[in-house]
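First comes the structure, then the notes that go with it.
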Amino acid sequence: MIQAWKRIQLRMATLLGATLALAMAASPVQAQAADDPALLSRIEEMERELAALKAQVAETPATPGSLEQVQSATVPSRPESLSRRLTLPDSPLSGSRLLIAGYADAGMTISDKESVGGINFIAGTFNPALFFQYGDWLLFESEAEIEIAETGETGFTLEYSQLDLLLHDNATLVIGKFLSPVGQFQERLHPSWINRLADAPAGFGHGGVQPGAEAGVQLRGGVPLGRSRLNYALAVGNGPRLDPMGEVMTEGFGRDDNRNKAISGRIGFLPLPYVELGASFLRAKVEGATGEAGEIESGGLAIASGVEGANGPVLPAVRYSLWGVDGAYTRGPWDVRFEYLRGVRNAIPIEDEEMESLPRLRKEAWYGQIAYRLSGLTQHRILQNFEPAIRYGRYQVRGLDKLAEETAERRLDFGLNYWFAPAVVLHSAVQLRKFTARHEDEVNKDTRLLLQLAYGF
Amino acid sequence: MRGSVTLIASLLLFATAAAVSRDAGRAAAAAPAAPDTGALSRGAKAWAENCGVCHNLRSPDEFGDVQAEVAVAHMRVRARLPGDVARDILAFLQASNGRQAAAIAPAAPPTSSTVASAGAVGDPVRGAQIYQETCVACHGPNGKGALDGVPDLTDPAGRLAQADEVVLRHMIDGLQSPGSPMPMPPKGGNPDLSDQDMRDVLAHLRKDFAGR
């Protein structure tokens, strides 16, 4: 800051001196040729520069500011590598660097069922992400999800907001709200420009069995084992909560509703660079309370503690356990994946004559997916950009009839992607859905055509 | 409750130990040197092997030096990459984005004069040496490709079936087809190589790989 101020002063003095010198040198000439247009033009130009410098000095904060502020005020735009040298001295405690990224998508669905809307345009989502890095040891990253609901309202969700301390080559400490490390879809594959189909597999999106996020602390990293590699993630967080129905919600709550902390994690093994096998788990306790405002389920009232209407006695905390396995084969044009998750919430005993205890809730989801880029077969300018994809999956819910009727399904997707660029893709898919827990007189089948343009930036 | 506290304490203790060991390592290390050819070669391989696991490989020139640094830090966390692997990838990306060379001495865009220079004679012996240092990580010692998505240079109907000027332009400027899982970075990711070096490599490819 001080150096920058001195540079400005020096430039002003130099300019002033040059102006005076020029004026003095020019005086005799001016006496002889006071209307010399070139000389007058030069003097006017220098006066303008002097005025601009004065204005710049006036705008420069009097208190010491950041090095970047002074540089931006005094240094014109430079080639990036040069500006990088200015803002990034060798010290690991140099200034912050910023990266803006994210993704967006939009599309439409065409359903054969009028009751589910027929043809609908989907505004999709806009997920901007900001990354700030300080030195080589601290990264702050945050991503928002902005989407238009069916009702026209704009929804805003902070997908994650975390501080990453790059402590060691094999260990990073993550603090804040982070994507759940359980499984592979939510943490790695859910962005629409990465996903091989237009939506999440059944049971792996919002409200499914796969946890969405966690608020807490996490240690993660990778360890080489010869040509193989091991990676790990172990997290401690606030954990899931019950919703008024007795469903387990895992969206990364900012405050715990009981004294128990949730522990979750995943361990992955890559025997070869393009083969990964993983195993995940989550263990937590969830706590409910009775009250009058809850949803009626199983003939009684059972609602989450801490919500409006939960004015009854707090119910005993019960265990929620989840485990799963996943695998991926990603050699060349192939993208083959599978994932299985099973979560069980123990029964919730309710000692009230007017209410029934909630039975054990079991949620189970799996999918298998194969995608193949035609660039593995042809170098044709157009054909090589196509990618057929197929996915079959199932989501089962037992112990909560209402949830099962809403969400339990078998789903088969036949997709065809076209890649305009490595991060710009047009997804198209025919989706066959069978809602397995609905009655015959309800809409229990749905065939849809999905179109989605996704852009990662 | 007690178990959770113990686990959190253990995590933080481990994290502290890791940080101390990292700082000790940093203090003992010499001043950071410019990435060597080995780092670039390892980085190219690591980039192809790790980044393509979840998403398509994006051309290195999509990111400037600073952006690449932050993006790689993010991916180190997200993909649980070891730190040394992440540094190799960063060295490769920064060397391959074409901006370093532009800042030092703005390079002329590929023009007809560049293309015309394709006719200049290359030294296949020197080209073989450069190939072994820079290209072999992805293209393999026999030109058939060491990584998936890398074209077979010995295929009679493959890349080398194209005219010298086309092949040389792709070698110098890089190439990425939207459908290909593996882009070719400019000059194989080594900005220190000159256009004459590329001509030498091409002479080597023509002599030792074409149609074999």
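Convention: sequence-line order gives letters A, B, ...; per-chain numbering from 1.
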Toward chain B, the part of A/Y160 with a non-hydrogen atom under 4.5 Å: side chain
Side chain, backbone, both or neither of A/W193 within contact of chain B (heavy atoms, under 4.5 Å): side chain
Spatial distance of atom CD (A/Q133) from atom CD (B/E69) [nearest 0.5 Å]: 5.0 Å
Contact origin within A/E187 toward chain B - heavy atom pairs under 4.5 Å: both
Segment of A/P191 engaging chain B (4.5 angstrom heavy-atom cut-off): neither
Within 6.0 Å of CZ in A/R283, more than 12 heavy atoms from elsewhere: no
Toward chain B, the part of A/L179 with a non-hydrogen atom under 4.5 Å: side chain
Minimum heavy-atom distance between B/P82 and A/P224, given as atom pair plus value: CG-CD, 4.1 Å
Main-chain N/O of B/V77 paired with A/R220 side-chain donor or acceptor, under 3.5 Å: yes
Which atom of B/R58 lies closest to which atom of A/F457, heavy atoms considered: NH2-CA, 3.7 Å
Pairwise distance OG1(A/T330) to CG(B/N50) - rounded to 0.5 angstrom: 9.5 Å
Carboxylate-amine/guanidinium contact A/R229 B/E49, below 4.0 Å: no
Exercise: identify the closest heavy-atom pair between A/H168 and B/R76: O-NH2, 2.8 Å
Proximal component of A/R266, with respect to chain B [non-hydrogen, under 4.5 Å]: both
Part of A/V174 lying under 4.5 Å from any heavy atom of chain B: side chain
Close side-chain approach of A/L139 and B/V70, heavy atoms under 4.5 Å: yes
A/F131 six-ring face occupied by B/R78 cation (under 6.0 Å, within 45°): no
Contacting region of A/Q162 [heavy-atom separation from chain B under 4.5 Å]: side chain
Close side-chain approach of B/N56 to A/R373, heavy-atom, < 4.5 Å: yes
Any side-chain heavy-atom pair of A/L189 and B/C54 under 4.5 Å: yes
Exercise: identify the closest heavy-atom pair between A/P273 and B/V53: O-CG2, 3.8 Å
Residue among A/A262, A/A101, A/G456, A/A328 with most heavy-atom pairs under 4.5 Å to chain B: A/G456
Pairwise distance CG(A/L99) to NE2(B/H74) - rounded to 0.5 angstrom: 8.5 Å
